[in-house]
K.L.:
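Okay, here's the structure, questions in a sec.
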Amino acid sequence: MINLIYENHCTSYYLSKNQIAKTNIGFNSASSTAFVDLKEEKFFIFANHKDVVDCREIYERAISKTGISLEALQNYRAYIFLNFTLLTGFAELSNNPFYFGELDQDNLIKQDIPSYYFSPKSSGKGKLSIFYKNDELCLLNYSIIENSLNIKLEYLSKQSLEHKDLISNTLKEQKTTQVDKKQAIAKLHALLENQNLECIHGGKFHT
């Protein structure tokens, strides 16, 4: 369980698992600490080794405690740290699709800076594994389109670029379909207004 601690004047909310709490809140089995700064509109997450952070659930939990909307919180600038190192993303290794990081002189992934591996799903979201020195962090429901938690991955390989384009086009088609459905319903309502309709038994009724 992770505890919720209120700052003076309730302008910020601290989530910590190691302090006495007024309210309890759970983030799966993760031991991460989250801090929402309402005044500065910033969202901080401090993760530890072996933590599992659900990019969707952590927002839902914060919303339930702060009372602000999902849309508003998503507009906050997010910062996520692994053992106090800010995670910002990296460029993809050209010969290793979905691996992001930097190679050393021996052509091995550097361990002294964060590296990332994305396991994609058809939905466009997936698991992002992050490695830094001897530490590891797992992000669930990471979106390659939204750059969840402000981690920006630069795609360079043909495979990853095709996957990103496919997801982007699929999302656009879904939005277009939703808009078309809403417009069709609106037109139907307009047609029904002030119309005399005849039922199958020959009777009529007015809308």
K.L.:
Identify whether Leu156 and Phe90 are in the same connected component of the hydrophobic contact network (ILVMFWY, side-chain heavy atoms under 4.5 Å).
P.N.:
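Not linked; separate clusters.
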K.L.:
Answer whether the closest heavy-atom distance between the side chains of Asn83 and Asn48 falls below 4.5 Å.
P.N.:
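Side chain of Asn83 against side chain of Asn48, heavy atoms only: contact under 4.5 Å found.
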K.L.:
Mind checking the CD1-OG spacing from Ile130 to Ser115? Nearest 0.5 Å is all I need.
P.N.:
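Answer rounded to 0.5 Å: 9.0 Å.
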K.L.:
Please name the pair of heavy atoms, one in His49 and one in Glu136, separated by the smallest distance, quoted to 0.1 Å.
P.N.:
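So the minimum-distance heavy-atom pair works out to ND1-N, 3.0 Å.
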K.L.:
Do Leu149 and Leu87 come close enough that some side-chain heavy atom pair is under 4.5 Å?
P.N.:
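No, every pair of side-chain atoms sits at 4.5 Å or beyond.
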K.L.:
Assert yes or no for the condition that the ring centre distance of Phe43 to Tyr59 is strictly below 6.0 Å.
P.N.:
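Yes; Tyr59 has its ring centre under 6.0 Å from that of Phe43.
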K.L.:
For the CD1 atom of Ile151 and the OH atom of Tyr79, what is their distance to the nearest 0.5 Å?
P.N.:
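Between atom CD1 of Ile151 and atom OH of Tyr79 there are 13.5 Å.
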K.L.:
What distance separates Leu140 CG from Asp54 CG, expressed to the nearest 0.5 Å?
P.N.:
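Leu140 CG to Asp54 CG: 5.0 Å, rounded to 0.5 Å.
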K.L.:
Is any side-chain heavy atom of Leu38 closer than 4.5 Å to a side-chain heavy atom of Tyr76?
P.N.:
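Result yes, sub-4.5 Å side-chain heavy-atom pair found.
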K.L.:
I want to check something: taking the side chain as every heavy atom from C-beta on, are Leu153 and Leu128 in contact at a cut-off of under 4.5 Å?
P.N.:
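Yes. Closest side-chain heavy atoms under 4.5 Å.
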K.L.:
So, do Asn150 and Arg77 sit near enough that their side-chain heavy atoms are less than 4.5 Å apart?
P.N.:
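In short, these two side chains touch, coming nearer than 4.5 Å.
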K.L.:
For the atom pair CG (Leu73) and CD (Glu41), what is the distance rounded to the nearest 0.5 Å?
P.N.:
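Here the interatomic distance stands at 10.0 Å.
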K.L.:
Residues two or more places apart in sequence or in another chain: which of them pass side chain to side chain donor-acceptor pair (under 3.5 Å) with Ser160?
P.N.:
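Counting only residues at least two positions away or on another chain, Ser160 forms a side chain to side chain donor-acceptor pair (under 3.5 Å) with Glu92, Ser157.
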K.L.:
If you measure from CD on Gln111 to CG on Asn134, what distance do you get to the nearest 0.5 Å?
P.N.:
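Rounded to the nearest 0.5 Å, the CD-CG separation comes out at 8.0 Å.
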K.L.:
For residues Thr85 and Pro114, determine if any side-chain heavy atom of one lies less than 4.5 Å from a side-chain heavy atom of the other.
P.N.:
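The answer is yes; the side chains approach within 4.5 Å.
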K.L.:
Would you list the pairs meeting ring pair (Phe, Tyr, Trp, His ring centres under 6.0 Å) in which at least one residue belongs to residues 128-154, sequence neighbours left out?
P.N.:
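Qualifying pairs, neighbours excluded: Phe118-Tyr142.
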K.L.:
Enumerate donor-acceptor pairs with a distance under 3.5 Å from any side-chain N or O in residues 93-105 to protein atoms, sequence neighbours excluded.
P.N.:
{"from": "Glu102", "atom 1": "OE2", "to": "Lys110", "atom 2": "NZ", "distance (Å)": "3.0"}
{"from": "Asp104", "atom 1": "OD1", "to": "Asp106", "atom 2": "N", "distance (Å)": "2.9"}
{"from": "Asp104", "atom 1": "OD1", "to": "Asn107", "atom 2": "N", "distance (Å)": "3.1"}
{"from": "Asp104", "atom 1": "OD1", "to": "Leu108", "atom 2": "N", "distance (Å)": "2.8"}

K.L.:
Who are the side chain to side chain contact (heavy atoms under 4.5 Å, CB included) partners of Lys133, not counting sequence neighbours?
P.N.:
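Scan of Lys133 (side chain to side chain contact (heavy atoms under 4.5 Å, CB included), adjacent residues dropped) gives none.
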K.L.:
Out of curiosity, Asn141 CG to Lys127 NZ, how far, rounded to the nearest 0.5 Å?
P.N.:
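Asn141 atom CG to Lys127 atom NZ measures 12.5 Å (nearest 0.5 Å).
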K.L.:
With sequence neighbours excluded, what pairs up with Asn147 under the side chain to side chain donor-acceptor pair (under 3.5 Å) test?
P.N.:
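Partners of Asn147 under the side chain to side chain donor-acceptor pair (under 3.5 Å) test: none.
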K.L.:
Backbone N or O of Ser143 within a donor-acceptor pair of the Ser148 side chain at under 3.5 Å?
P.N.:
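Side chain of Ser148 to backbone of Ser143, a donor-acceptor pair under 3.5 Å: yes, one is there.
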K.L.:
Please examine the side chains of Val53 and Leu137, heavy atoms only from C-beta on, and report whether any two atoms are closer than 4.5 Å.
P.N.:
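They are in side-chain contact.
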K.L.:
Output every pair passing salt bridge (Lys or Arg N to Asp or Glu O under 4.0 Å) with a member in residues 139-157, not counting sequence neighbours, ordered by first then second residue.
P.N.:
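Not a single pair qualifies under salt bridge (Lys or Arg N to Asp or Glu O under 4.0 Å).
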